[in-house]
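Reviewing the structure listed below.
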Amino acid sequence: MNRIPVGERILEERSRNRFTQEELARRLGVSKAAVSKWECGQSMPDIALLPKIASLFSITLDDLLGYEPMATEEVLEETRRQLAELLAEDLRRACDYAEDRAALYWSDPELLRTVALLLYTRFIELADAGEPDGAEGAQPVAELAERLLRRTLQLDPSSSSADLTLQTLCMLLAFEGRDGQAAELVERMVAAKPNMAAVTLAGVQVKAGDSEAGVRTLKRQLLCSLLEAASCVQALAGFQSLALADLEQLAALAEGIWLPSGFDAVAPTLAPFVRIAFATRLVESGETERAMDELERFAQDLEKCCKTFESPQNPPLFQAVDDLLWQEGGEEAQAARSEAAASLRSSLVGGVVSSESWAPLRGNPRYESLIRQMADGEGSL
């Protein structure tokens, strides 16, 4: 934010409105000398005069004071870039910079969320590194991230980004051993039964003669339900306590959600994540032939997932509620998607290669061939 002294703003607005200093002074009931001192920065108007000055110029008090409560895209990008650089070099300077940005834009949830997520990510990296400058040395980073995440939720409790903010805050609290606080934040939001509000609302809208609104309501709820189901299935697959038979049924459910024509872009990572969890459990149970069959299917799912990342096709059914769908974007968005696909491939294939669970199959020609094909992006077998 560029701060414009009040005197400079008064001079600028007086000139724009073609007032002389004498005329402005008369309208405000002050002396010409007072106006001159304001414009030269030698003194400030009495606080009681500020609303009258703003009204006279037909501007807001924020405009008069040079206050920008919401960051522009340029400010957001510059903040993101500079904070990322500082976090990699000097934690103290990074925290000071983050504090300054937050103070200037304390009412802007988007900027606060951006800063908080960068701080959170760096804290987790340091804590996981096991180095002297780990979790303890980075504690101020975590504390600042928590404060900004809580402020963001306070400002923006029901936006499309609120779930990400809440999830990040809960993960931060849990990482620090404050599981009770994390659970308390989110427990009241967990549904205890199916929510029929959308069906009821759609019925009311149809009765009122607005069937299009009813269709939009139900399509939106259906899409949200699919995304929620996909998230639950993917998360459940990560539980080691899940029985192998249950995991097999979960893989079938994931395939059912994922495979219908035109719906793969809703949850592109679902099948690969569940499939590799199932395959890994099979090899741990000594069922190596079934594990290899599932690994082959995982390779195919992974290839399809990466292609979806690179060229997502939104399901036509949900075009009426496209705020939850993939946005087309330009070359920059395309590059980001390709990078995400490559990162996902590297992460999942690297996980198989480094996992001790798959050690019994190392050297197996079928296994080694699959790993090479997946690493090279040739999963269509």
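Sequential numbering from 1 along the given sequence is applied to the chain's residues. Keep in mind the model is a prediction, meaning the values are calculated, not measured.
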Salt-bridge present ([X], [Y]; N to O < 4.0 Å):
X: Glu248; Y: Arg290; value: yes
X: Glu23; Y: Arg18; value: no
X: Glu146; Y: Arg151; value: no
X: Arg366; Y: Glu289; value: yes

Ignoring hydrogens and angles, tell me if any N or O in the side chain of [X] forms a donor-acceptor pair with the backbone of [Y] under 3.5 Å.
X: Gln334; Y: Glu310; answer: yes
X: Arg345; Y: Met374; answer: yes
X: Trp258; Y: Pro268; answer: yes
X: Arg188; Y: Glu184; answer: yes
X: Ser285; Y: Glu287; answer: no
X: Ser346; Y: Ala342; answer: no
X: Ser347; Y: Ser343; answer: no
X: Asn314; Y: Leu325; answer: no
X: Asn17; Y: Phe19; answer: no

- Message: Among residues at least two apart in sequence or on other chains, which ones pass side chain to side chain contact (heavy atoms under 4.5 Å, CB included) with Arg216?
- Response: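 In terms of side chain to side chain contact (heavy atoms under 4.5 Å, CB included), with neighbours along the sequence ignored, Arg216 is linked to Glu212, Ala213, Ala320.
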- Query: Apart from Leu218 itself, what residues make up its hydrophobic cluster, given side-chain heavy atom links below 4.5 Å?
  - Reply: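 Listed partners: Met196, Val199.
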- Message: Who clusters with Leu164? Use side-chain heavy atoms, under 4.5 angstrom, across I, L, V, M, F, W and Y, and order the result by chain and number.
- Response: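 Leu117, listed by chain and number.
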- Regarding Gln300 and Arg297, is there a side-chain donor-to-acceptor distance under 3.5 Å anywhere?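 The criterion, which ignores hydrogens and geometry beyond distance, is not satisfied for Arg297 and Gln300.
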- Can you find a side-chain donor-acceptor pair between Glu125 and Thr121 that sits under 3.5 Å?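 No - no donor-acceptor pair under 3.5 Å links their side chains.
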- Item | Close aromatic pair by centroid cut-off 6.0 Å: Phe278 and Phe298 |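 Between Phe298 and Phe278, which both carry aromatic rings, the centre distance is not below 6.0 Å.
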- Whether Trp358 and Tyr367 hold their rings parallel, tilted or perpendicular, with breakpoints at 30° and 60°: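 Plane angle under 30°, so parallel.
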